[in-house]
Amino acid sequence: MFRSHNCQYKAIAMYLVSAVVGCYLAFGIVSAQAQSPVCSCTFKEAPWEAHGTKAACTTITRKSGTSCEIEFGGLSADPWVASALGIEAADPRKVYEVLETFLRLLRDNDRAALTQPTFLSTALPIFMRGAYLRRSHGELNAGQARSLDQAIKTFTDKYSDQINKVFLGSASEFSTTIDEASFTVGRGYIVVKHPFGILVTRYLPEE
(Lines give C-alpha, C1' and ligand atoms only; values in the text may rest on other atoms or scores of the structure.)
Protein backbone atom coordinates (compact mmCIF):
# COMPACT_ATOMS: atom_id res chain seq x y z
CA MET A 1 0.00 0.00 0.00
CA PHE A 2 2.75 2.47 0.94
CA ARG A 3 4.77 1.91 -2.21
CA SER A 4 1.80 2.01 -4.57
CA HIS A 5 0.69 5.42 -3.32
CA ASN A 6 4.13 6.88 -2.63
CA CYS A 7 4.28 8.97 -5.83
CA GLN A 8 0.79 10.34 -5.18
CA TYR A 9 1.75 11.40 -1.66
CA LYS A 10 4.95 13.02 -2.92
CA ALA A 11 3.05 14.96 -5.57
CA ILE A 12 0.61 16.27 -2.96
CA ALA A 13 3.45 17.20 -0.66
CA MET A 14 5.38 19.03 -3.37
CA TYR A 15 2.28 21.03 -4.27
CA LEU A 16 1.67 21.97 -0.64
CA VAL A 17 5.27 22.92 -0.07
CA SER A 18 5.54 25.12 -3.16
CA ALA A 19 2.13 26.69 -2.62
CA VAL A 20 2.46 27.64 1.03
CA VAL A 21 5.98 27.76 2.41
CA GLY A 22 8.60 27.89 -0.35
CA CYS A 23 11.71 25.90 0.46
CA TYR A 24 15.12 27.50 0.39
CA LEU A 25 18.57 26.01 0.89
CA ALA A 26 21.72 28.09 1.11
CA PHE A 27 25.41 27.51 1.73
CA GLY A 28 27.72 30.41 2.51
CA ILE A 29 29.53 32.48 5.05
CA VAL A 30 28.24 32.33 8.62
CA SER A 31 26.40 35.53 9.53
CA ALA A 32 27.74 37.52 12.45
CA GLN A 33 24.30 38.85 13.33
CA ALA A 34 22.92 37.31 16.53
CA GLN A 35 19.50 35.72 16.22
CA SER A 36 17.43 32.91 17.64
CA PRO A 37 18.14 29.47 16.18
CA VAL A 38 16.75 28.94 12.71
CA CYS A 39 16.56 25.61 10.92
CA SER A 40 20.28 25.49 10.31
CA CYS A 41 23.36 23.30 10.53
CA THR A 42 26.51 24.11 12.46
CA PHE A 43 29.51 22.54 10.80
CA LYS A 44 32.83 21.79 12.46
CA GLU A 45 34.72 24.28 10.31
CA ALA A 46 33.88 27.68 8.81
CA PRO A 47 32.79 28.99 6.36
CA TRP A 48 30.12 26.37 5.66
CA GLU A 49 26.53 26.91 6.71
CA ALA A 50 23.19 25.43 5.62
CA HIS A 51 19.60 26.55 6.15
CA GLY A 52 16.28 24.82 5.59
CA THR A 53 12.72 26.12 5.47
CA LYS A 54 11.36 28.78 7.80
CA ALA A 55 8.84 26.37 9.37
CA ALA A 56 8.17 22.62 9.75
CA CYS A 57 11.90 22.05 9.43
CA THR A 58 14.44 19.94 11.31
CA THR A 59 18.17 19.59 10.85
CA ILE A 60 20.36 16.90 12.36
CA THR A 61 24.11 17.42 12.67
CA ARG A 62 26.21 14.32 13.22
CA LYS A 63 29.74 12.93 12.94
CA SER A 64 31.28 15.68 15.06
CA GLY A 65 29.91 18.45 12.90
CA THR A 66 30.97 17.10 9.51
CA SER A 67 27.57 15.81 8.36
CA CYS A 68 24.18 17.53 8.38
CA GLU A 69 20.83 16.69 6.86
CA ILE A 70 17.82 18.97 6.45
CA GLU A 71 14.25 17.73 6.67
CA PHE A 72 10.87 19.29 5.86
CA GLY A 73 7.66 18.17 7.54
CA GLY A 74 8.71 14.60 8.32
CA LEU A 75 8.59 13.57 4.66
CA SER A 76 11.91 11.72 4.72
CA ALA A 77 11.04 9.28 7.49
CA ASP A 78 11.47 5.82 6.01
CA PRO A 79 9.05 3.12 7.29
CA TRP A 80 11.65 0.45 6.51
CA VAL A 81 14.25 2.17 8.70
CA ALA A 82 11.73 2.67 11.50
CA SER A 83 10.74 -0.99 11.36
CA ALA A 84 14.37 -2.13 11.37
CA LEU A 85 15.03 -0.01 14.46
CA GLY A 86 11.93 -1.25 16.23
CA ILE A 87 10.33 2.22 16.18
CA GLU A 88 6.61 2.55 15.56
CA ALA A 89 6.62 5.59 13.27
CA ALA A 90 3.50 7.25 11.90
CA ASP A 91 1.85 5.81 8.81
CA PRO A 92 2.87 7.84 5.71
CA ARG A 93 -0.76 8.89 5.22
CA LYS A 94 -0.75 10.36 8.74
CA VAL A 95 2.44 12.28 8.00
CA TYR A 96 0.91 13.97 4.95
CA GLU A 97 -2.33 14.61 6.82
CA VAL A 98 -0.48 16.38 9.64
CA LEU A 99 1.67 18.37 7.19
CA GLU A 100 -1.37 19.43 5.17
CA THR A 101 -3.09 20.63 8.35
CA PHE A 102 0.07 22.44 9.46
CA LEU A 103 0.45 24.25 6.13
CA ARG A 104 -3.21 25.28 6.04
CA LEU A 105 -3.00 26.73 9.55
CA LEU A 106 0.33 28.38 8.72
CA ARG A 107 -1.20 29.98 5.63
CA ASP A 108 -3.97 31.40 7.82
CA ASN A 109 -1.43 32.42 10.51
CA ASP A 110 -3.51 30.53 13.08
CA ARG A 111 -0.77 30.17 15.68
CA ALA A 112 -3.22 29.21 18.40
CA ALA A 113 -4.28 26.11 16.46
CA LEU A 114 -0.71 25.35 15.33
CA THR A 115 0.46 25.29 18.95
CA GLN A 116 -2.53 23.47 20.41
CA PRO A 117 -0.90 20.92 22.78
CA THR A 118 -2.45 17.80 21.27
CA PHE A 119 -1.40 18.88 17.78
CA LEU A 120 2.12 19.69 18.99
CA SER A 121 2.51 16.25 20.57
CA THR A 122 1.61 14.70 17.21
CA ALA A 123 3.37 17.04 14.78
CA LEU A 124 6.70 17.58 16.55
CA PRO A 125 7.76 13.90 16.68
CA ILE A 126 6.74 13.48 13.02
CA PHE A 127 8.78 16.50 11.91
CA MET A 128 11.81 15.38 13.95
CA ARG A 129 11.67 11.75 12.84
CA GLY A 130 12.05 12.82 9.25
CA ALA A 131 15.60 13.87 10.10
CA TYR A 132 16.85 10.66 11.72
CA LEU A 133 14.65 7.86 10.32
CA ARG A 134 16.17 7.86 6.85
CA ARG A 135 18.42 5.52 4.90
CA SER A 136 20.86 8.25 3.92
CA HIS A 137 22.46 8.01 7.36
CA GLY A 138 24.03 4.70 6.32
CA GLU A 139 24.73 2.52 9.32
CA LEU A 140 22.75 3.77 12.28
CA ASN A 141 23.40 3.13 15.94
CA ALA A 142 20.08 1.42 16.62
CA GLY A 143 20.29 1.86 20.39
CA GLN A 144 20.97 5.58 20.13
CA ALA A 145 18.23 6.09 17.54
CA ARG A 146 15.67 4.33 19.74
CA SER A 147 16.85 6.31 22.78
CA LEU A 148 16.48 9.60 20.92
CA ASP A 149 13.05 8.66 19.59
CA GLN A 150 11.74 7.64 23.01
CA ALA A 151 13.10 10.80 24.63
CA ILE A 152 11.40 12.98 22.01
CA LYS A 153 8.08 11.19 22.43
CA THR A 154 8.26 11.45 26.23
CA PHE A 155 9.24 15.11 26.02
CA THR A 156 6.46 16.17 23.65
CA ASP A 157 3.81 14.24 25.60
CA LYS A 158 4.93 15.68 28.94
CA TYR A 159 5.70 19.27 27.97
CA SER A 160 3.27 20.10 25.14
CA ASP A 161 1.37 22.58 27.35
CA GLN A 162 4.57 24.40 28.27
CA ILE A 163 5.84 24.31 24.68
CA ASN A 164 2.55 25.93 23.63
CA LYS A 165 3.12 28.85 26.02
CA VAL A 166 6.73 29.40 24.95
CA PHE A 167 5.87 29.24 21.24
CA LEU A 168 3.13 31.84 21.74
CA GLY A 169 5.38 34.10 23.80
CA SER A 170 3.46 33.85 27.07
CA ALA A 171 6.28 31.98 28.86
CA SER A 172 10.06 32.13 28.87
CA GLU A 173 12.20 29.54 27.14
CA PHE A 174 13.09 26.50 29.17
CA SER A 175 15.47 23.55 29.16
CA THR A 176 15.13 20.03 30.48
CA THR A 177 16.80 16.64 30.21
CA ILE A 178 15.22 13.26 29.53
CA ASP A 179 17.60 10.31 29.74
CA GLU A 180 20.48 11.14 27.35
CA ALA A 181 18.66 13.97 25.57
CA SER A 182 18.76 17.63 26.55
CA PHE A 183 15.99 19.89 25.22
CA THR A 184 15.86 23.67 24.89
CA VAL A 185 12.59 25.30 23.84
CA GLY A 186 12.46 28.88 22.57
CA ARG A 187 10.04 31.02 20.59
CA GLY A 188 9.03 28.69 17.76
CA TYR A 189 12.00 26.33 17.94
CA ILE A 190 13.40 23.32 19.82
CA VAL A 191 17.02 22.20 20.07
CA VAL A 192 17.78 18.60 21.08
CA LYS A 193 21.28 17.42 21.98
CA HIS A 194 21.81 13.66 22.12
CA PRO A 195 24.71 11.25 21.49
CA PHE A 196 23.04 10.37 18.18
CA GLY A 197 23.21 13.97 16.97
CA ILE A 198 22.04 17.56 17.43
CA LEU A 199 18.54 18.35 16.18
CA VAL A 200 17.30 21.87 15.52
CA THR A 201 13.59 22.14 14.76
CA ARG A 202 12.09 25.41 13.57
CA TYR A 203 8.38 24.75 14.04
CA LEU A 204 7.05 28.30 13.51
CA PRO A 205 8.63 31.11 11.50
CA GLU A 206 10.08 34.03 13.41
CA GLU A 207 7.66 36.91 13.92
Side-chain angles (χ1 to χ4, degrees), residues 36-42 52-53 55-62 68-79 81-83 85-91 94-95 97-99 101-102 105-106 111-134 137 140-206:
S36 61
V38 293
C39 189
S40 60
C41 304
T42 302
T53 54
C57 176
T58 296
T59 67
I60 182 166
T61 304
R62 302 178 67 235
C68 181
E69 299 198 41
I70 299 175
E71 166 61 22
F72 176 78
L75 298 178
S76 298
D78 190 319
V81 174
S83 177
L85 294 174
I87 295 173
E88 187 177 350
D91 182 277
K94 180 66 174 178
V95 173
E97 177 186 319
V98 168
L99 181 56
T101 300
F102 178 92
L105 296 173
L106 183 66
R111 291 183 175 241
L114 282 167
T115 59
Q116 205 273 338
T118 55
F119 187 68
L120 283 175
S121 63
T122 298
L124 283 170
I126 286 176
F127 291 174
M128 292 179 178
R129 280 170 170 164
Y132 59 88
L133 294 184
R134 54 201 302 175
H137 279 320
L140 297 178
N141 184 311
Q144 287 185 352
R146 284 193 294 268
S147 171
L148 173 61
D149 189 78
Q150 184 58 51
I152 288 172
K153 190 69 173 69
T154 300
F155 170 75
T156 51
D157 285 345
K158 183 176 181 179
Y159 291 100
S160 59
D161 286 328
Q162 195 168 347
I163 296 169
N164 160 270
K165 293 179 175 65
V166 176
F167 278 6
L168 292 179
S170 61
S172 300
E173 73 171 49
F174 72 95
S175 297
T176 190
T177 300
I178 296 176
D179 296 327
E180 296 181 284
S182 63
F183 296 83
T184 297
V185 181
R187 189 72 179 269
Y189 69 87
I190 297 176
V191 178
V192 187
K193 295 182 179 180
H194 186 274
F196 187 80
I198 300 174
L199 276 79
V200 178
T201 296
R202 169 53 72 171
Y203 184 78
L204 292 175
E206 294 183 271

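Keep in mind the model is a prediction, meaning the values are calculated, not measured. Computed over heavy atoms, backbone and side chain alike; hydrogens, waters and symmetry mates excluded.
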What's the spacing between [X] [atom1] and [Y] [atom2] if we round to 0.5 Å?
X: Glu69; Y: Thr58; atom1: CD; atom2: OG1; value: 12.5 Å
X: Ile126; Y: Leu133; atom1: CD1; atom2: CG; value: 11.5 Å
X: Gln144; Y: Asp149; atom1: CD; atom2: CG; value: 13.5 Å
X: Ile70; Y: Thr61; atom1: CD1; atom2: OG1; value: 9.0 Å
X: Gln162; Y: Leu120; atom1: CD; atom2: CG; value: 12.5 Å
X: Leu148; Y: Phe155; atom1: CG; atom2: CZ; value: 12.0 Å

* Determine, stepwise, if the pair Asn164 / Thr115 fulfils side chain to side chain contact (heavy atoms under 4.5 Å, CB included). => CA-CA 5 Å; Asn164 160 270; Thr115 59; 3.2 Å; yes
Donor-acceptor contact below 3.5 Å, side chain [X] vs main chain [Y]:
X: Arg187; Y: Phe167; answer: yes
X: Ser76; Y: Phe72; answer: no
X: Ser147; Y: Gly143; answer: no

Quick one: are [X] and [Y] in side-chain contact, heavy atoms under 4.5 Å?
X: Ile87; Y: Arg129; result: yes
X: Phe127; Y: Arg202; result: no
X: Phe196; Y: Ile60; result: yes
X: Arg111; Y: Leu204; result: yes

Heavy-atom pair with the smallest gap, counting every atom of [X] and [Y]:
X: Ala56; Y: Phe102; result: CB-CE2, 3.6 Å
X: Leu106; Y: Pro205; result: CD1-CD, 3.7 Å
X: Gly74; Y: Val95; result: O-CG1, 3.7 Å

* Kindly determine whether Ile163 and Tyr203 satisfy side chain to side chain contact (heavy atoms under 4.5 Å, CB included), including the steps that lead there. => CA-CA 11 Å; Ile163 296 169; Tyr203 184 78; over 6 Å; no
* To do: With sequence neighbours left out, write down each residue that passes salt bridge (Lys or Arg N to Asp or Glu O under 4.0 Å) with Glu97, or none if nothing qualifies.
  => Lys94
* **Which residues share a side chain to side chain contact (heavy atoms under 4.5 Å, CB included) with Asp157, sequence neighbours left out** =>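 Applying side chain to side chain contact (heavy atoms under 4.5 Å, CB included) to Asp157 gives Ser121, Lys153.
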* Asked: Side chains of Ser175 and Thr184: do they bring a donor and an acceptor to under 3.5 Å?
  ->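 Distance-only check passes for Ser175 and Thr184.
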* To do: Could you check Val191, Thr59, Ile190, Val192 and say which one makes a side-chain contact (heavy atoms from CB on, under 4.5 Å) with Leu199?
  => Val192
* Aromatic ring proximity Tyr159/Phe183, centre distance under 6.0 Å ->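 Distance test on ring centres: not under 6.0 Å, no.
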